[in-house]
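Along the sequence shown, residues are numbered consecutively beginning with 1.
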Amino acid sequence: MKECKIFRIKCSPSFCIVSMNSKSETDEASRGSEASSSNSDPTPESSQEESTPILCADSGPNNTQDIMKRAAAKQLIERYFYQLVDGCGNPNCDNKYCASSGEARNLTPNEAAAEAIKLFYKEARLCDSLPNKIPRIEACCESSTGNNVNENSDTENKDDQNLDSPSSSSSPIFSENSKAETSQSVYPFEYKKLSNNVAPLTEEKIYELCDECIRNKSPEALISTIARTFTKPLILARSFMKVDNVSNSAKEDKQDKESEAMCSSSDPDKDVDSASGPTLDVASCRRAFEYLSKVPTVQYSSAFVIILATLAEYLQLDMKMSQTLKMDDIITCFVIAFEVRDLGCSDYLEVALPALCNAAEQLPIKGQAKLARIWGEQCKDTLRHILEALQQLITLRVISTNYSAGYQLQDDQNVTRATKLMKIVYYANMISGVMESDTLREEPVVITNQLDPLGDALDHLYPLTSIKNLKQAQPEDPLAVELGINVLDSRKPYIAFEEFYNEPLSDTIEMDIDFANYKTDNSGGKKFSFLKYPFILTAATKSLGLYYENRIRMYSERRVSLLHAVVGASPPMPFLRLKVRRSHIIDDALVELEMIAMERALDLKKQLVVEFEGEQGVDEGGVSKEFFQLIVEEIFNPDYGMFTQQPDSHTVWFNPTSFETEAQFTLIGIVLGLAIYNNIILAVKFPMVVYRKLLGKKGSFQDLADWNPILYNGLKDMLDYVGDDLADVYYQTFRICYTDVFGNNIFHDLKENGDSLFVTQDNKREFVDLYAEFLLNQSVDTQFKAFRRGFVMVTDESQLGSLFRPEEVETLVCGSKDFDFNELEKSTEYDGGYTAESQTIKDFWTIVHSFSSEDKRRLLQFTTGSDRVPVGGLSHLKLVIARNGPDCDRLPTAHTCFNVLLLPEYENKDKLQDRLMKAISYSKGFGML
């Protein structure tokens, strides 16, 4: 056996271990080595053990910090090797160290390996692109074809004599007599050669190593074994196999050769859905790593961090460059890596997890989908651990980094990569929960595009804020398309959607910048936008993005209107003006909106300006708020006949027997759309099913829970009843009865001859589904379609459906339910001489906190024009209290458009309370101050 030495090549500031056997090449490499290091450690056993960047048995946890740097150095040496042997593929290459340039001499693999070490030491030039390392099955695996285990052993012994050094995954050094004279498939070759030295992990093996570690109080054997396996992705992918598959592993290794020969390594998606290899036993893997927690984490946590980071580097390198691993094996490695929990050190968040996120970013869409399915179907208990770790990583980065104009939150790759991985967890979470059929869809509403030549001309002049640009709907998420799921179909996720919110990130993000990234192809479309990952943003933050979108559209319509006026096409109408009488607010508003919708529906996209006849108020937002409040009170009054009150849930629902025309319901939909479009909160009490239907999902049995709780509980009891006498107990047929607004009973057959068809154990599910379908969809089909059409006329160009879930749309329409006036006090600002320490201000808050809920709503109505809490809570309401002169008998006044309360400095608390109560109790109407 030839002399084998391990040389330490300086890799500022650490060292890289590289194996060399050829004596001439050893002498040649050592000259460069001695320039950087005085040590050249002889290792008699190195001919039998590969020199991969793992933790050796004689290295403790304190020596493991250099492993990741060694792995990176070895990757560079490997790149130099393939550059010398195969070139970069660029025929015009001028790099004298690249085979493609024609200047480099032809080298044998061993010569190229020695030269690669020299180039690494000299920090020679590397080409930007490298060729794919195409597997050569005939060259690297021919010796094993058709041979038994003993023959393989003989072949390995023979290779040990012929090869200068056992090849490792990152030290591609081959014998001069080898059939492969160029780059070969590293991992398949390596697995054949090293399977006797590096065995896959098993649950029993982890138990044995942990017990030995506890008994000897020494973690070296445990760390070394785990490191050897984790730094060999192909070996790791064979770990924790199901028992039924272990006996078939040899057969599957032979099948790997055929599949690799048939599949091109240039297409990472081709083998994702192919016949999978050994099946991972996730439960066994989880038990093994849970047992690992019995060992004090201080003994292995630091080493494990480096091990995981090294694994991530290998996976990333393989997916970006070599593409020698099957996608199934890569996904298995990710699943095993994220089963490692409770390392108990900050290095996991700072080193290992970012490296894993970086590697996961390279997964193709099909690979992401398969990982999401495995996590969702087999790793439910792991999802929360992964989510919490990602949230901690993002929060740690956000609160510890000072972002600026030169380095924005969207530029922080640790945050963006973690967000991308969280998207996979997000969809896996839906798969783990309760999913409904994707067939329950409302028919799409088609709004005819109106021709506007002048508007098109202006869009050409101002493309960044053009209406055309806004009309381009955001394409569906490719991962959701690949998985075939939609958030609307998720009835109950395994983890609540709210746990995906990251509030520090939502509070830090500059939404104007993020919205610009979302809407434009800035920097070739490479800018990251969190709006494309809306699950991580709170509803309040996303509503700000929607606000920017709506404002840009308003400004675009305003410019179009001015252009029409300039060319004489029409008088200038930059706003959507409504002039109404308080006594006839419904008639006036609906008539004007109907005229606008018929003549030019695009005018609905203009900024709304309301004027009450006979009043002097100028609408800067406050008048519109009161307009919507008054019109909602009238429209949803049961006496008006368009909606009915649900006594059990205290919600309003469409009147199936209403005498109003479809046009009236269309106008109500326009009003609701205008409220969202103009960022105004309404006092509407729709059940959740309305918002689900507005976003395109039909109502189903589960929606009855908040629509009519008593009916829902009764039907659920029927479904839970297991007795054979169900027909006798419930005595229910497929004919149902409901009452109209006048109290008359109306009968309806859910099936033909329903009165003679009794509900039994066999058909009770069908009865419940048909009952819910009739109540929530069929009975109000005409009214709801007209209502939704009006809503879509205003919001058709909005990203409402892609950014918000139904629950968030409800918050957007109705405001927050968090009625905390302590938050309002903290966020209030003072002007005109008042401060938080002023006696009048202290008395004011003492009085306000003693108010009843009704009086608090009146105060909100008086100061802001709406009694609703904004999205995100009262902390997002910027109230200003300004001093309005010294003590006097005047009542407090307010600028509702700007949320400003003008409060005189009353002489005592009793007078302040008296004047304030009178002001909020008699506050209808507007005037000029």
Quiz item: side-chain contact (heavy atoms from CB on, under 4.5 Å) with Asp412: which residues, sequence neighbours excluded?
Solution: Arg397, Thr401, Tyr403, Tyr407, Asn414, Val415
Practice problem: Decide yes or no for Leu363 and Met327: does some side-chain heavy atom of the first lie under 4.5 Å from some side-chain heavy atom of the second? | Solution: yes
Exercise. Please report the C-alpha distance between Arg228 and Lys232 in whole Å, then the side-chain angles of each, then the deciding distance to 0.1 Å, and finally whether the side-chain contact (heavy atoms from CB on, under 4.5 Å) criterion is met.
Key: CA-CA 7 Å; Arg228 289 179 181 273; Lys232 301 292 184 187; 6.0 Å; no
Quiz item: Is a side-chain donor or acceptor of Asp281 paired with a backbone partner of Met241 at a separation under 3.5 angstrom?
Solution: no
Self-check item: Results of ring pair (Phe, Tyr, Trp, His ring centres under 6.0 Å) for Phe338 - residues two or more places apart only
Solution: Trp375
Quiz item: What pairs with Ala312 under side-chain contact (heavy atoms from CB on, under 4.5 Å), at least two apart in sequence or on another chain?
Solution: Ala355, Leu356, Ala359
Quiz item: Are the side chains of Thr202 and Ser239 in touch, meaning some heavy atoms are under 4.5 Å apart?
Solution: no
Quiz item: Does any N or O in the side chain of Ser293 come within less than 3.5 Å of the main-chain N or O of Glu290, such that one atom is a donor and the other an acceptor?
Solution: yes
Self-check item: Flag side-chain contact, heavy atom, 4.5 Å: Glu377 against Ser432
Solution: no
Practice problem: Please tell me if the side chains of Tyr348 and Leu308 come closer than 4.5 Å, counting only heavy atoms from C-beta onward. | Solution: yes
Quiz item: Would Asp347 and Ser302 count as having a side-chain donor-acceptor pair, cut-off 3.5 Å?
Solution: no
Exercise. Mind listing the closest non-hydrogen atom pair of Ile223 and Ile307 along with its distance?
Key: O-CD1, 4.1 Å
Self-check item: Positive for side-chain contact (heavy atoms from CB on, under 4.5 Å) with Leu353, one of Val305, Ile386, Leu390
Solution: Leu390
Quiz item: Can you name the residues that form a ring pair (Phe, Tyr, Trp, His ring centres under 6.0 Å) with Tyr426, not counting sequence neighbours?
Solution: Phe497, Phe500, Phe535
Quiz item: Hey, is the main chain of Leu234 close enough, under 3.5 Å, to the side chain of Asp329 for a donor-acceptor pair?
Solution: no
Quiz prompt | Check: Ile77 and Leu119 side chains under 4.5 Å, non-hydrogen atoms | solution = no
Practice problem: Kindly write out the residues that satisfy salt bridge (Lys or Arg N to Asp or Glu O under 4.0 Å) with Glu361, not counting sequence neighbours, or none if the list is empty. | Solution: Arg417, Lys420
Show me, pair by pair, the donor-acceptor contacts under 3.5 angstrom made by side chains of residues 204-212, not counting sequence neighbours?
unit_1, atom_1, unit_2, atom_2, d
Tyr207, OH, Glu203, OE2, 2.5
Asp211, OD1, Tyr291, OH, 2.6

Exercise. Could you note down all residue pairs passing salt bridge (Lys or Arg N to Asp or Glu O under 4.0 Å) where residues 383-395 supplies at least one of them, sequence neighbours left out?
Key: Arg384-Glu499
Quiz item: Under 4.5 Å between any side-chain heavy atoms of Ile336 and Phe240, yes or no?
Solution: yes
Exercise. For Ser346, check side-chain contact (heavy atoms from CB on, under 4.5 Å) against everything at least two apart and list the hits.
Key: Glu350
Quiz item: Taking only residues two or more places apart in sequence or in another chain, which ones pass side-chain contact (heavy atoms from CB on, under 4.5 Å) with Glu339?
Solution: Val282, Cys285, Arg286, Phe289, Arg341, Cys379, Thr382
Exercise. Could you check if a side-chain atom of Tyr300 sits within less than 4.5 angstrom of a side-chain atom of Leu292, using non-hydrogen atoms only?
Key: yes
Quiz item: Is the centre of the Tyr314 ring less than 6.0 Å from the centre of the Phe230 ring?
Solution: no
Quiz item: How about Leu315 and Pro233: do any of their side-chain heavy atoms sit closer than 4.5 Å?
Solution: yes
Exercise. Verify side-chain contact (heavy atoms from CB on, under 4.5 Å) between Ile214 and Val295, making sure each step is shown before the conclusion.
Key: CA-CA 6 Å; Ile214 295 173; Val295 179; 4.0 Å; yes
Quiz item: Taking it one step at a time, do Met422 and Gln391 satisfy side-chain contact (heavy atoms from CB on, under 4.5 Å)?
Solution: CA-CA 9 Å; Met422 192 184 294; Gln391 293 283 32; 3.7 Å; yes
